[in-house]
Every structure is written in structure tokens, then in C-alpha cells.
Asks: 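Before we start, here is the structure in question, set down as C-alpha cells.
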Amino acid sequence: MTTQTPARVRFAPSPTGVMHIGGLRTALYDWFLARKTGGQFILRIEDTDRNRYDPDAEWHIKESLQWLGLDLDEGPDIGGPYAPYTQSERLALYADAAEKLIDSGDAYYDDTQPDELAALRQRQQAAGQAPGYDNRGRHRTPEQIQDSRDRGLDVVVRFRVPDHGELQIEDEVRGRMKFDLSLLQDFVILKSDGYPTYHLAHVVDDHEMSITHVIRGEEWIPSAPRHVLIQQALGIPTPKYVHVPLITAQNGAKLSKRHGAQSALEYRDAGYAPDAVLNYLALLGWSPGDDTEVMTRNEIASRFEIGRILSHPAKFSAEKLEWMNQQHIMKADDDALADMMMPFLERPEEDGGFLDEIDRPVDRDVVKAMVPVLKERIKVLPDAVALLDFLFVEQVEPNAEEMIGRRMDAEMVLTALNASIEALTKVDPFTSDEIEAALRGLTSTTGLKAGQLFTPIRVAVTAKRIAPPLFESIEVLGRERTLDRLRKGLDAFETYLESAGE
RNA sequence: GGCCCGUUCGUCUAGUGGCCCAGGACACGGCCCUCUCAAGGCUGAAACAGGGGUUCGACUCCCCUACGGGCUACCA
């Protein structure tokens, strides 16, 4: 493998709500790049918007990263050489930068008030002009600014954008992008509450923290020139920009809740394996270059390349995620899978679980024994509940009518049940192989076909038409309980015949 | 409206001028296997947005158009 310089990348979410899969995918790419290059994956909380700040969001972000297994090298809780990692604790840094820019003439204090800005915008729109700041705050005198301050008016710091010129920015996935500076207005870098805007904070922090790659969504492309302008004015280098494509809903629009967009934790609660979500999301906007799709996190990390990130948006597909989840479940270790299933089996119905009547606590050994045959039959973890419930109840109540399978009559059901009771009484050892041999042997003695023989047994034992493989199920259920259910099934069937027949 | 980014099967994608009358995967149909359901195997239908160039040769390079999306805040 080619050696690469270690990348320092940060995931820098704004704690304003739950973490959606779009943000998650960005975090993924950060993590892959850091792990592939032996660099650092850093979490930085961008809480500079006091109005939209949501205290639960930060917890949600960290919980999501942890669930996905995106381990941090530096961050708010674990610290690091560039602490603190929360922007609201780094205000002095931004104020210093703003002051520096004012001193150099690249920024200025502006006391244009919000209502004046709104009126300006209104006028522009009425006149059919593009709405935007008209740089009216340039050339304010220190006295005017001081006067506004004394009167309690808002004062911000704006960056002075050159009136003309073209700015070229190199993007790692899109190549060279060109921007006409005459179209860009002076923009706020320090708000009237003393907090920086994203533009200033991003540039200052990414430089302070020696970030090498800024990986972010493509919605940031339009503001990239602002960032480069600040960097140039501050005399600091421009990091590599990696603008990743959006993940969209089926209609191509930005993902939102009503399109089925879910937070990471909702996928956790719905029974998805973190590796499957990781794998699926990684493939939305990136591919290893060949036909490989199902990969472990380490495989993805080692194969990850920024140059292979796509430049167009991808639509999210719940179906393919389900398929991916099943693929990972099939490959998973039996023990690990049993552990993953337990919470769903233990979860009572009122908490979103499926069954109220199963006996708890659920015997993990029983679950583990069924895992091998369950793997290829479930798409999400909770699917296991409906397949296993018959093992965790004292009695089942089979529907006698369902015992009569296709191309069968009542006589066959009686034959199958009676013969199986006799055969299973003698099977030894009571293992699925022996059980299968004994039951299959019945096809020659009874003249029944396999389907005709097994359907009544399945329904009597599991009370289901669709159930896990019969022989394994019987082995796990045990001889006594199986025989008991077969006998009761026989009784039930005879009762059914009497009531239905005459 | 302006600016920016994008456009290969329904969806995710491979494809970096000839290997492509375009390959894989999901979903869908058929067949096989089979104790139900799955899983698996085989198989079918399904795409280079349109138009101009450049070239001996364009899915691949350039331009235009169309369409889609993003941005256009003292939000990120």
C-alpha cells in the first residue's frame, strides 16, 4: 500500500437537532480517511448559534458516533492537544482573528441594524433586484460605531470582499471551481452577540487544529470563497476541501423526516447492525472501484480514497439498506448476533416490542442455538422475535385447519402426527440430524410426501405456517415439549374434525 | 432571478478515447433447489438527458440547451 501523510480531519456538527444520515455519512468519510492514513479523527462542536442550540443534540451526536463505532482521537469529552473542542469555549480566538482583520483593513465594524437590512432586502426584491447587502457599512468612523454602542445598537464585524476579481478554489472531488468576487457581498464574521459566524470559526479552528482535509456537504460550496478570502487575509494556508454530494430522498430533494430520513439512533432501535449502516452509507457517494459491496469497516477504511468520492447526489434506498443489513447479519458471529438480538426479545410490547406473552427473561442459550438458522431469515434484528416466540411460551395454540397443507386431507394429518409422536419418542440422541433422519424415514412407512408430513408437525409444534427449519426447532424445543405439543395438536385436530365434520 | 454543483438501467454504481451494441448490486419477473420461509444458483426485462463540436474513433474531452439540486441570513 502507498504510504500517505496522516490526515487530520474533523467532524464539526452544529448541535441543533438529531443527527441524520447525511451528517453521519460525512463523519464516516472523516473517520475512514483518518484511519486509512493513520491520522486523527476529531469531533468539534460548532455551537455558535445560540438561538438554535439544542442541549440534547450534543448527546445525540456523540451517541450516534459511538454506536457506529467511529472512535474519536480528540474531542470535547476526551480532550486533546488543541482543546477545548467546543466553539463556545473558544470565543477569544475568534475575537482575536476579527481584530486582526480589522487592523489590516480586511474587516470593519458595521452598525447597520437588522430592520434596516430587512428594509433594504424588501426594496431590492420589489425592484426585481437580487437581494443582498450593499456594503453600506464600509467607512464607518470609530466615533459612529462608539455612538451606536453607547445607544445599545447592534454592531457586527464584516469581512471586506474585494470588489473585483476571480477566486479559484481547488476541490478534491470536483476539481477547480471559479467564483466571481464582484457578486459576493461583505459578510458578517462576528455577530453582535460576540459569537463568530460559521465562516470565521471554521477558518480559525481548522487552522488552529492543524486540520488537513475539510470534508463537508456540497451545500457549503457557495460559501467556500468566503473561507478562502479569510484565510488569505489572515495569511494562513487553505486546507484541502472535500465537498461530498448530498444524500437525497426519493424525489431528489434534501432528506427530511417526512421522506423517511432517520437519525442514526432510530436505525439502532429498528434493529440495524452498525456495520451494515456504515457499509451502506459509505457506498452512497463512494465506491471502491470494483463490484465489492459488502465490506467490513476495516476493508472500507483501507480501500477508501478521496479521489473516488462521487460528485453527484445519491438517493437513499431503505430497501437496499435492509438487504445490506441482512448481508451483515449472515456474516456475523453467532455469539455476537445472539447478544444483538437479546434486547429486542426482552423488549416488552408497550415499548415497541412484539410480544407480551413470552416468558422472560429470555434464555440466551436458546437464542444462540437458533442463530445459525435465523441468520439468513431476518432482515432486521426484531424479525427474530416473530420467528422464535414459540420457544418462549409454555403452550402454543395451533390453528387445526392450518395443519392441512396443500394437497392434503385430514387423514394425512392424523397419520403425520401419530407417526411423528411415535418416532420422536424413540429418537436418540435428540439432535436435529437424528430427528431429521427419523422423520424423513416416516415418508416410506406412511406413504406421505415430505411436505405432507412436515406441515402438520410444524403447525402443531410452532403454531406457525412460516417458521424456522423444523428439525432444529424441535431439537431446541426438546423432546418433552415437542411431544406434548404434538399430542395436544392431535387432540385439537380431532376436536376440529368433529365440529367441522358433522 | 443570480451564482454554484450535478446528469449511465426505477435506485446505488463500474466505466478516465477503442476492452462497452455498456458490467455489478438492490428492487421486479421466470426457472432450479427445497419441510414452510429464507438463503443460494441460473435467467429475463431495464440506462450513457438532447444537440453541436474535437477525433480515425466518444459514456469518456469541449461548448450550448434542457432538467435536477444547492446556496443566496448577525443558520450552520
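Chain letters run A, B, ... following the sequence lines, proteins first, then strands; residues in each count from 1. Computation of the quantities below employed the complete heavy-atom set of this structure, encompassing side-chain atoms and omitting hydrogens, waters and symmetry-equivalent molecules.
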Asks: Is there a side-chain contact between A:Gln326 and the phosphate of B:A39, meaning an N or O under 4.0 Å from OP1 or OP2?
Replies: yes
Asks: Nearest-Å distance, CZ (A:Arg174) to C1' (B:U16)?
Replies: 18 Å
Asks: Let's test this: given Watson-Crick or G-U wobble pairing with both distances under 3.5 Å, identify the partner of B:C20.
Replies: none
Asks: Dump the intermediate steps for side-chain contact (heavy atoms from CB on, under 4.5 Å) on A:Leu65 and A:Met19, then the final yes or no.
Replies: CA-CA 9 Å; A:Leu65 293 179; A:Met19 187 152 155; 3.9 Å; yes
Asks: Can you tell me if the side-chain N/O atoms of A:Thr292 get under 4.0 Å from OP1 or OP2 in B:G24?
Replies: no
Asks: Just checking A:Tyr29 against A:Phe304, ring centres under 6.0 Å apart?
Replies: yes
Asks: Whether the side chain of A:Ser192 and the base of B:C74 hold a donor-acceptor pair under 3.5 Å is what I'd like checked.
Replies: yes
Asks: Establish whether the base of B:A25 is bridged to the side chain of A:Lys320 by a donor-acceptor pair shorter than 3.5 Å.
Replies: yes
Asks: Are any protein N/O atoms closer than 3.5 Å to N/O atoms in nucleotides 64-72 of chain B? If there are, list each pair with its distance.
Replies:
unit_1	atom_1	unit_2	atom_2	d
B:C71	OP1	A:Lys254	NZ	2.9

Asks: May I ask you to check whether A:His227 and A:Tyr198 place their ring centres under 6.0 Å from each other?
Replies: yes
Asks: OP1 or OP2 of B:A76 versus the side-chain N and O atoms of A:Arg52: is any pair under 4.0 Å?
Replies: no
Asks: Is the shortest side-chain N/O distance from A:Arg308 to OP1 or OP2 of B:A14 below 4.0 Å?
Replies: yes
Asks: Does A:Arg440 reach a base, just sugar-phosphate, or nothing at all? Heavy atoms under 4.0 Å.
Replies: base
Asks: Does B:A14 have OP1 or OP2 sitting under 4.0 Å from an N or O in the side chain of A:Ser287?
Replies: yes
Asks: Could you state the atom-to-atom distance from CH2 of A:Trp323 to P of B:U11 in whole Å?
Replies: 18 Å
Asks: Using only side-chain N and O atoms of A:Lys315, determine if any of them is under 4.0 Å from OP1 or OP2 of B:G6.
Replies: no
